[in-house]
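Right, one structure below, let's go through it.
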2 protein chains.
Amino acid sequence: MLKKERHDFIMRQINLHNRVLTSDLVQLLNVSEDTIRRDLQELVDDGLLFKVHGGALSKSYHSSFDDSTVYARDSKIIIAKKAVNLIKDGMVVLTGGGTTILEFIKQLPQNIEATFFTISPLVAVELAKYNNIEVILIGGLFSKNSQVTYGGQVITQLSELKADLCLMGTSAIHPEEGLTDTYWEINQLKKAMLAAAKKTAVLCISEKLDIALRLRVCHIESISYLITELDDNHESLTGYLAKEINIL
Amino acid sequence: MLKKERHDFIMRQINLHNRVLTSDLVQLLNVSEDTIRRDLQELVDDGLLFKVHGGALSKSYHSSFDDSTVYARDSKIIIAKKAVNLIKDGMVVLTGGGTTILEFIKQLPQNIEATFFTISPLVAVELAKYNNIEVILIGGLFSKNSQVTYGGQVITQLSELKADLCLMGTSAIHPEEGLTDTYWEINQLKKAMLAAAKKTAVLCISEKLDIALRLRVCHIESISYLITELDDNHESLTGYLAKEINIL
DNA sequence: CGTGTTTTTGCGTTTTATTGCAATTATATA
DNA sequence: TATATAATTGCAATAAAACGCAAAAACACG
């Protein structure tokens, strides 16, 4: 591969993710670290990016502290990083939508090889940045509130799927009441998602623990992993530890 | 082999692969490195490619990441505003993806009442901002390049749909060759979209006029409206005016 | 034809560019 | 602070490019 092509490749990565890791580039481009470092330095000299320890960031990076409440973002990153450990090469994964899931996608290693089904357009777009991930967007009615597809057609398609793992966010979880929701449509959707995967991981920031809403999706035992930003021996989690569920 | 033949050979390689290696050319053309270098230099002087250490790259390849979309934005807004006039309350509309279509969505009147089918997640998200638009996202394999869903599942779903109007962007349109595309999958997709709507409007900035690519989607007569940023009596459009097609 | 001129090409040499390695220094993270 | 990870630096091997030169081929034209 020509140097210019490497540079273009790096810039494409930068434009997509706003960041690159030196180690990822070494793998993806199959050259030594030194070469990558020199490449990055040249791109810095051209004013196209800036280098940091471990990789490089896009010039527009600083302005990309765009979305959502900053304070919750740290927690979501912690959760996302834990969730990434569940993903192995070759897996078929089903995901819902929401900012936590989106953060999880962003934390995936660059060269991971997997198949992802999702009901969230934004997740699909984010997944498309990974070269070795096959992305299937499950289509149907599009919910203005949840920003995911839902309805009969989605549930039909989910019923034909068997994924290795389902990852979903939640608005409420409770040791006795299980996973609950407010809207019937979303409730149905989550039930279908649970049924479509061998195992399910629920990503949930601690402020949503011990809350029960009107409609039950499932009992707590139906969930394989509960992932929060807390240590797994934190007192808030004792109620969940008692059940057959892995706390991460 | 004559010099001119070598040059043509090199340009064919460039057009095919966007790149050539000096060493490959030496082997393929059976001449010395010096000759190849001189050839490449002459092609550079003619502005047909540009040289890099180890070979040469095509001109178009060069611009692959520096996002030309910025300057064209004004044109796209003009196109989008024209396209909005085609939409009436109660319509069932099918749209593709791309920046021009996205701009069109943004230009829709806030209280419009319609049903939109789309293969583009980004379009779906944008449409969700309108309270009275029902959004159906057509699901399937997600294309990393085009950022739309495609493949057999999408085409099946499209075959069950009959929309009033289909709106699509295009990468090339030509008065004789019609609508053309480079990738087979996208070609199939566009054919299915055309078939799924009573009328079709093509949104197309003028720089894409009079270009023909490898695969034909349809003849120019199959299109109901051609929307560009130019006045409808602009000289570039005379070739299209001759056909049975509305220029907006 | 023949002769002088121009173009094209390949060879040897020098110069420059690219890349990986090893040793050292700096930086992060538990 | 200790340990792992990343960056820097100088160096050497390799690959590519540039340059001058000369042989060969093509061309121009009386």
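What you see is a predicted model, and the numbers here were worked out from it, not measured in a lab.
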Problem - side-chain N/O B/R38 vs D/dC19 OP1/OP2, d < 4.0 Å - result: no
Exercise for the section: Report the distance from atom CG of B/D24 to atom P of D/dA15, rounded to the nearest whole Å. Expected result: 15 Å
Problem - Check: A/T228 and A/I205 side chains under 4.5 Å, non-hydrogen atoms - result: no
Exercise for the section: Return the 5'-most residue of the pair A/N30, B/R6 with respect to DNA chain C, ranking by each residue's nearest nucleotide. Expected result: B/R6
Exercise for the section: Find the distance A/Q41:CD to D/dT9:P and express it as a whole number of Å. Expected result: 9 Å
Problem - For atom CG of A/L40 and atom P of C/dT19, their distance in whole Å - result: 13 Å
Exercise for the section: Using a heavy-atom cut-off of under 4.0 Å over every strand shown, decide if B/V52 touches base, sugar-phosphate, or nothing. Expected result: sugar-phosphate
Practice task
With the side chain counted from C-beta on, respond yes when A/K199 and A/Y225 share a heavy-atom pair under 4.5 Å apart, and no when they do not.
Solution key: yes
Practice task
Indicate whether OP1 or OP2 belonging to D/dT8 is found under 4.0 Å from a side-chain N or O atom of A/K51.
Solution key: yes
Handout entry: Euclidean distance, atom CG of residue B/L29 to atom P of C/dT8 [Å, nearest integer]
Key = 16 Å
Handout entry: Aromatic plane relationship, A/H17 with A/Y130 - under 30° parallel, 30 to 60° tilted, over 60° perpendicular
Key = perpendicular
Problem - Under 4.0 angstrom between A/T22 side-chain N/O and D/dA7 OP1 or OP2 - result: yes
Practice task
Rounded to the nearest angstrom, tell me the gap between atom CG in B/L25 and atom C1' in D/dA17.
Solution key: 15 Å
Problem - Interatomic distance where CG belongs to A/L2 and P belongs to C/dT18 [whole Å] - result: 11 Å
Fill in the blank from the handout: The answer to which of B/E33 and A/G55 contacts DNA chain D further toward the 5' end, by nearest nucleotide, is A/G55
Completion exercise
Heavy-atom nearest pair, A/T180 first then A/I211, reads OG1-O, 4.0 Å
Handout entry: OP1 or OP2 of D/dA15 under 4.0 Å from side-chain N/O of B/R37
Key = no
Handout entry: Whether A/K129 side chain and A/K106 backbone form a donor-acceptor pair below 3.5 Å
Key = no
Problem - Nearest listed nucleotide, side chain of B/H53, among C/dT18, D/dA18, C/dT9 - result: C/dT18
Practice task
Using a cut-off of strictly less than 4.0 Å, decide whether B/T35 has a side-chain nitrogen or oxygen near OP1 or OP2 of C/dG10.
Solution key: yes
Handout entry: Upstream residue (5' side of DNA chain C) when A/E42 and B/V31 are each assigned their closest nucleotide
Key = B/V31
Handout entry: Distance in angstrom units between A/I36 CD1 and D/dT5 P, rounded
Key = 19 Å
Problem - Atom-pair distance (CG on A/D34; C1' on C/dT25), nearest Å - result: 15 Å
